[in-house]
Amino acid sequence: MLKDNLSPFKSLMADGAFTELRSQVNRKRRVSMIKGEIVTNMREDITGVGCRVYKDGLYGFASSPSLDNESIKRVLKKASENAAFMSSRIKKDRPAIADARVGGYATDYVRNDTEQKYYIEVLRELDDYISKNCTGLINRSLVAYEDSMEKMLVVSQGTDGHTIVPRSYIYIFMTVEGRDGNPLEVFTPVGGFGIFPENFSDLKEVYSETDRLYKLAMDKIDGVYSKAGLNTVILSGELAGMLAHEAVGHTVEADLVLAGSVAAKNLNKQVASPLVSMTDFAHTAFGKDAPLPVYLDDEGILAEDEVLIKDGILTGYMNSRETAGHFGMAPKGNARGFMFDDEPLIRMRNTAVLPGESSLDDMISSVDDGYYLISSNNGQADSTGEFMFGVTTGYEIKNGKLGRALLDTTISGIAFEMLKTVDMVGNEVSWSSSGFCGKKQLMPVGLGGPALRCKVMMGGR
Amino acid sequence: MNSKFEQLKKTADIALADLLERGADSSLVSVGRSVKNEFNIDGGEFSLMRTTDSEAIGLKVIKGNKKGDISINSFDREVLRNAAGEVIKVAEGSSADEAWVFAKNPGGEKHFSIGVLDADIEKLFDRVNELKETLDRDYPKIKIDQLISSHVMSYGVLAGSDGLIYTTEYGYYNCGLSFIGQDGDEVSSFFGADIITTDLDTPFIEQGDVKRNIEACERSIHTEALDGTFTGCMLLTPDCFGGFLFDIIGNFAGDSGVLEQTSIWLNKLGSKVADERITVSLNPISDYAKFYSPFDGSGYIAENFDLIKDGVFESFAISDYVARKRGMTKAKNTGANVSVKPGSESLDGIISGIDKGILVGRFSGGSPSSNGDFSGVAKNSFLIENGRVTKPLREVMINGNLADILNNLRGLSKELTENGISSLPYAAFDNVVISGK
């Protein structure tokens with residue numbers, strides 16, 4: 001557990017500048033297994049302190065892997081020197097960072113460590129289950145994974161605090177042989193917030209997900225290519241979450257708005273069907289903890305939800321304290337750094353499409369000729385709002401009923417055009433949080449949504 | 001030897017002794033320090049100067065044929081002692097596997113020095129500022145989304161329990177640029193360029209693909225949609241070709257496909273897998289590679305090799321562990337310094353022979369399937385009609401198979417792009433499904 005040895009250095013923070021001082025521990029545990037054999041068995045603990053100073057519109061940052069007082073003094077000094085170097089070469093003369101609520105936040109989460117053999121034993125138990133119950137696979141592989149970020153933050157103005165965000169997952173991969181002899185793969189993550197024993201002391205849910213995945217794998221053996229072109233689809237909640245994150249979320253990050261993203265000209269305009277609303281949740285969503293709750297960001301802002309789309313109207317951006325001043329908005333706690341030596345960037349937290357009123361069954365029955373798209377292996381967004389997701393499992397829909405499974409495909413569209421085609425919104429939200437968002441640095445994020453009926457471009461043959 | 005290495009060697013020796021005392025049969029310890037100085041431009045304006053000091057210690061052990069691996073970043077004696085105890089426990093919890101073996105001591109200390117060790121921070125700033133000013137002045141429709149340019153200097157020691165000692169020091173500059181074209185309300189897709197270089201005497205815009213990608217982006221603001229679907233030629237820029245090669249190597253020749261036995265090239269060694277004009281090499285020791293890993297994670301020293309030579313599959317790109325596991329031969333390196341032998345035709349010559357196709361600057365697609373099927377969006381792309389590059393396109397998807405395209409080569413350009421990591425030509429492939437709305 002990190003100790004607060006940063007507060008005494010508040011007095012050394014320069015007047016007339018905004019300074020953040022953050023110590024941090026990133027912990028990672030990973031075991032991977034292929035057909036019962038362990039091929040990765042590693043642990044990582046990375047610790048250090050970083051400091052960022054903002055003055056005249058320019059930042060200086062410095063970091064050290066040591067947490068002793070001399071190192072802390074050194075990074076404070078070096079960050080100020082770097083800001084001064086920039087000011088000596090560039091004149092921006094921007095206003096100072098606006099004041100924020102002063103206070104303190106301290107997590108009550110106690111992060112315990114787990115012996116490596118625990119991860120291995122759980123994987124062996126699951127591997128035995130798959131080996132006995134999932135016949136016909138040409139490969140099976142499992143990954144036990146846990147990471148966590150613990151941060152101690154002291155700022156020259158704002159809220160200081162101590163936060164911990166742990167998460168842990170088992171990733172299950174299955175490979176079958178297609179009718180043409182080629183390998184076909186499916187995978188799913190299981191898990192969420194918390195350290196590994198908190199999520200996997202009982203494997204009942206994991207077995208249930210394993211059975212579901214096995215059916216998808218076996219169905220994929222007779223899979224078909226999708227029709228290339230514009231198609232009517234039902235996106236699963238997982239894909240709706242990807243849409244919220246990739247297609248909308250990135251375009252409304254204020255740094256990307258300043259860089260010219262398509263959202264710059266669409267604030268307060270209709271960008272989606274009135275059925276669509278979207279929020280970047282801070283720590284609580286729909287009356288429960290969000291998948292990866294953020295209570296305090298790395299600029300000393302107590303986190304609040306940011307409503308991005310309300311009834312189809314684009315209502316807000318996600319900001320840092322600097323960009324909030326630029327746009328005349330309030331910062332809501334979106335600035336976060338991944339490692340101790342990473343400066344805070346504007347990042348999403350738990351971004352989700354809000355639920356509607358339709359059942360999934362009704363949505364599928366409403367489609368004469370289209371696809372039900374279930375899971376994805378990656379996604380990207382663009383300045384134009386054009387998005388792309390890789391789709392790894394799905395089914396044809398013919399006359400309102402699920403048909404043959406799909407082979408891997410890709411979907412794409414222009415977010416603010418595609419969202420206007422949404423004409424049914426599901427009534428159940430599903431979340432995922434096992435991946436990383438990449439934007440100079442990695443960052444764990446949550447994303448979610450209900451099923452959506454819409455039109456998208458699909459790759460295919 | 002320089003005193004900076006002596007201090008690291010002492011730390012490595014202490015760790016090796018700790019591991020031996022705790023019963024390790026074989027150990028490999030890496031100890032290193034690095035400093036990065038970085039400038040950032042965001043949204044077209046200078047935003048940040050960042051200096052990071054880093055330390056890294058990696059402990060790898062084999063005990064009873066069981067392997068454990070721990071990374072920490074503290075030289076503190078107590079932390080190091082605890083990590084040594086922990087990594088033994090990690091190994092003990094694992095399964096015995098005779099395929100885990102570290103490289104043997106080649107005899108005598110080896111030293112590797114790569115690139116520019118001493119940073120010229122003032123000059124780096126000037127080059128970054130010059131690139132920004134050049135864009136502002138000569139390319140007013142180009143807006144920098146983000147520019148990250150840095151100098152990285154690192155030095156370290158790799159020490160083995162059998163006396164293996166490698167010392168390394170390296171330094172390089174890099175410039176990663178992401179930008180969009182903007183004209184009124186219309187914006188292009190993100191485009192960019194990345195270079196690794198030891199050369200601060202040449203403006204960044206003259207290096208790698210920087211200038212060509214900026215000019216392509218400027219021409220792709222006012223895009224048009226493509227009607228319908230056709231099967232035609234896909235001409236990839238060197239950068240984009242590099243991305244496809246990364247997927248081809250990863251899917252068919254890399255560790256996971258071999259270990260999981262899902263690679264469709266498992267039984268293809270010595271067989272023709274590509275057009276005979278295609279030779280793909282991984283050559284870290286070459287003029288074009290300004291940075292490379294001199295040895296892999298198990299301590300094997302990198303050498304150059306051909307993955308595909310004249311269309312024939314010559315070598316997998318697999319680690320020593322995977323090679324031992326599957327009774328195969330390990331690759332001479334597992335790095336990213338890929339090169340493709342240039343063709344005999346000019347880029348213009350290749351384009352003039354294409355009746356209908358697409359020039360692709362960037363591919364945004366799902367991870368290709370194990371069987372090589374790929375589909376995704378052709379970003380920063382242009383239609384090719386009757387031997388000419390015509391209009392910039394939007395919302396176009398391309399679909400094909402990675403193994404198939406290697407046998408459907410139309411041509412490789414004689415022009416090469418070197419970005420400090422790789423050396424690649426333009427590559428044109430036929431029979432790709434190209435679909436618009």
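Computation of the quantities below employed the complete heavy-atom set of this structure, encompassing side-chain atoms and omitting hydrogens, waters and symmetry-equivalent molecules. In this text, all values refer to a predicted model and were calculated from it rather than measured experimentally. Below, chains carry the letters A, B, ... as their sequence lines are ordered, and counting in each starts from 1.
Of all heavy-atom pairs spanning B/Ser149 and B/Asn174, the tightest one is OG-O, 2.8 Å.
Chain B forms the most heavy-atom pairs under 4.5 Å with one residue out of A/Met388, A/Glu343, A/Glu177, and that residue is A/Met388. In terms of heavy-atom pairs under 4.5 Å with chain A, the best-connected choice from B/Ser189, B/Ala83, B/Ser74, B/Ala91 is B/Ser189. Highest contact tally toward chain A, considering only B/Thr229, B/Ile144, B/Asn73, B/Asp69, is held by B/Asn73 [criterion: heavy-atom pairs under 4.5 Å]. Contact count versus chain A (heavy atoms, under 4.5 Å) is highest, among B/Leu259, B/Ile264, B/Asp97, for B/Leu259. Here B/Ser71 is the residue among B/Gly43, B/Gly93, B/Ser71 with the most heavy-atom pairs under 4.5 Å with chain A. Of all the listed residues (B/Ser435, B/Gly372, B/Gly365), the one sharing the greatest number of non-hydrogen pairs under 4.5 Å with chain A is B/Gly365. Highest contact tally toward chain B, considering only A/Glu115, A/Gln116, A/Arg43, is held by A/Arg43 [criterion: heavy-atom pairs under 4.5 Å]. Residue with the most contacts toward chain A among B/Glu395, B/Glu55, B/Gln261: B/Glu395 (heavy-atom pairs, distance under 4.5 Å).
The part of B/Glu86 that comes within reach of chain A is its side chain, from C-beta onward, which places non-hydrogen atoms under 4.5 angstrom from that chain. No part of A/Arg140 comes within reach of chain B, as not one of its non-hydrogen atoms sits under 4.5 angstrom from that chain. Residue contact with chain B, scored on non-hydrogen atoms closer than 4.5 Å, involves the backbone and the side chain of A/Asp342 alike.
Between A/Phe85 and B/Phe125, the ring-plane angle classifies as perpendicular under the 30° and 60° cut-offs. Relative ring orientation between A/Phe173 and A/Phe187 is described as parallel, the plane-to-plane angle staying below 30° on a 0-90° scale split at 30° and 60°.
Screening residues 37-48 of chain B for side chain to side chain donor-acceptor pair (under 3.5 Å), with sequence neighbours left out, gives A/Arg94-B/Glu45, A/Lys440-B/Glu38, A/Lys440-B/Asn40, B/Asn37-B/Thr51, B/Glu38-B/Asn40, B/Glu38-B/Arg50, B/Asp42-B/Ser47, B/Asp42-B/Gln146.
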Can you give the donor-acceptor pairs under 3.5 Å from side chains of residues 179-187 of chain B to other protein atoms, not counting sequence neighbours?
| residue | atom | partner | partner atom | Å |
| --- | --- | --- | --- | --- |
| B/Asp183 | OD2 | B/His222 | NE2 | 2.7 |
| B/Glu186 | OE2 | B/His222 | ND1 | 3.1 |

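In summary, B/Arg326 and B/Asp255 do not engage in a salt bridge, as defined by a charged side-chain N under 4.0 Å from a carboxylate O.
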